[in-house]
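To keep things clear, I will list the structure first and then write my remarks on it.
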Amino acid sequence: MTPKRQIETNLIHAGEPSPRIEGAVAMPIFQSATFTFDERHAGDHDALRYIRLNNTPNHAALADKLASLEGAGRAVVAASGMAAIGGALRAVLKPGDHLVAQKGLYGGTHTFVTQELPSIGVEVDLVDGASAASFAKAIRPTTKALYVETITNPLMEVGDLPGVAALARERGLVSMIDNTFASPYLFRPVEHGFDLVLHSCTKYLNGHSDVVAGAAAGRASLVDAIHKRLNMTGGCLNPHACFLLHRGMKTLAVRVEAQCKNALALAWMLEAHPAVAKVNYPGLSTRPDYARIKTLLPKGFGGMLSFDLVGGAAAADRFFSALTIPIVAPSLGGVETLVIRPAVTSHAGLSADERRALGIGDGLVRMSVGIEAIDDLLDDVRRALDAAT
Ligand SMILES: *Cc1c(COP(=O)(O)O)cnc(C)c1O
């Protein structure tokens with residue numbers, strides 16, 4: 001039995017083939033669609049290895065590493081975060097079932113639960129994620145699962161996550177959580193009672209803005225059901241993307257550590273700047289819910305923040321033009337700092353009134369903080385804010 005090790009060690013060593021393949025220290029890429037079949041294992045589905053079945057050596061090593069990082073019974077990688085999330089929701093929910101999900105979900109997930117699920121006869125209620133009581137109130141006899149996100153986009157709220165997991169357990173429901181924004185370095189949902197953890201590995205797990213990938217981890221029976229659906233629908237990750245994700249994941253701890261530090265420093269600078277009306281960052285100790293969030297995320301508060309500019313959309317335009325380090329681009333979790341305006345990207349599908357009701361103004365800027373030198377970032381952002389006023 002291997003001793004229980006910390007995540008920094010597991011990122012490097014868990015799931016690696018033993019013995020190493022031809023002695024290779026880095027996991028080689030198995031760029032082979034199919035593998036020799038051993039007649040002695042006829043009838044055993046796992047004996048048939050094929051890229052679409054997500055079971056080649058690259059898939060297996062990644063799945064083992066991810067399961068270890070999340071402290072989960074099993075994990076599976078997928079072609080994208082949405083392949084994992086859609087596959088998981090379809091594996092858990094059958095026609096006639098009911099889902100209670102948190103309001104303000106990631107855009108792709110919001111579309112899936114409000115359009116795709118109703119089209120197959122699954123009913124959905126969206127509730128305030130801050131309290132488990134709002135989930136409890138929405139539960140019906142047909143409710144099958146509860147769905148939340150660790151840190152919400154773009155206002156970076158952290159709900160009563162252990163409360164939601166406990167409620168699901170008490171009522172015999174499946175608890176599902178999208179842990180993309182926190183990553184297993186900051187938060188491991190299984191340790192807080194969640195059944196199923198979903199990831200867009202495109203973001204922090206890969207960390208280099210060069211791969212699209214997803215994963216599900218959790219109870220073995222649930223992950224197996226998702227794996228089966230992915231095999232049917234073709235949501236497999238290709239071996240080269242497996243290799244890049246595998247390589248990227250090894251540095252998760254050092255990257256996220258640096259991103260948390262940089263984001264906290266930027267959040268305080270923004271908080272003090274006259275061009276900024278409001279800063280959304282879970283790590284600001286001036287928040288009324290800071291103490292609760294600190295116990296949930298003791299290692300750090302993540303690399304995502306957002307802020308409202310006093311001058312609205314016009315000020316955001318001037319701010320973006322004056323920046324020389326952060327890049328104006330969607331997506332997140334990479335080593336480079338990115339900025340984007342949610343009103344024209346992730347939430348462009350809503351009317352201005354709907355956005356205002358959610359607290360997403362036209363001057364709201366979302367920032368995915370990278371690992372650049374903090375003094376350079378502070379100087380550049382401060383200078384661009386000055387230019388925006
Ligand atoms: C990006 C993202 C997704 C979707 O992942 P893809 O890899 O783009 O399919 C899902 N959830 C969250 C929180 C995300 O940020």
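These numbers come from a predicted model, not from an experiment. Each ligand, and each atom within it, is numbered from 1 in the order the structure gives.
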List, pair by pair, the atoms of ligand 1 and of the protein that are both N or O and lie under 3.5 Å apart, giving the separation rounded to 0.1 Å.
unit_1   : atom_1 : unit_2 : atom_2 : d
ligand 1 : 5 (O)  : Ser200 : OG     : 3.0
ligand 1 : 7 (O)  : Gly81  : N      : 2.9
ligand 1 : 7 (O)  : Ser200 : OG     : 2.8
ligand 1 : 7 (O)  : Thr202 : OG1    : 2.6
ligand 1 : 9 (O)  : Gly81  : N      : 3.0
ligand 1 : 9 (O)  : Met82  : N      : 2.8
ligand 1 : 11 (N) : Asp178 : OD2    : 2.7
ligand 1 : 15 (O) : Lys203 : NZ     : 2.8

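Classification of the Phe319-Phe307 ring pair by plane angle, with boundaries at 30° and 60°, yields perpendicular. The aromatic rings of Phe301 and Tyr281 sit perpendicular, their planes meeting at an angle over 60°, well past the 30° parallel limit.
Ion pairing between Lys103 and Asp128 fails under the 4.0 Å rule for side-chain N and carboxylate O. One finds no salt bridge joining Asp160 and Arg292 here, because no Lys/Arg side-chain nitrogen approaches an Asp/Glu carboxylate oxygen to under 4.0 Å.
Checking side-chain atoms of Lys203 against main-chain N and O of Phe181 turns up no donor-acceptor pair under 3.5 Å.
Considering only heavy atoms from C-beta on, Phe187 stays 4.5 Å or farther from Ile151 through its side chain.
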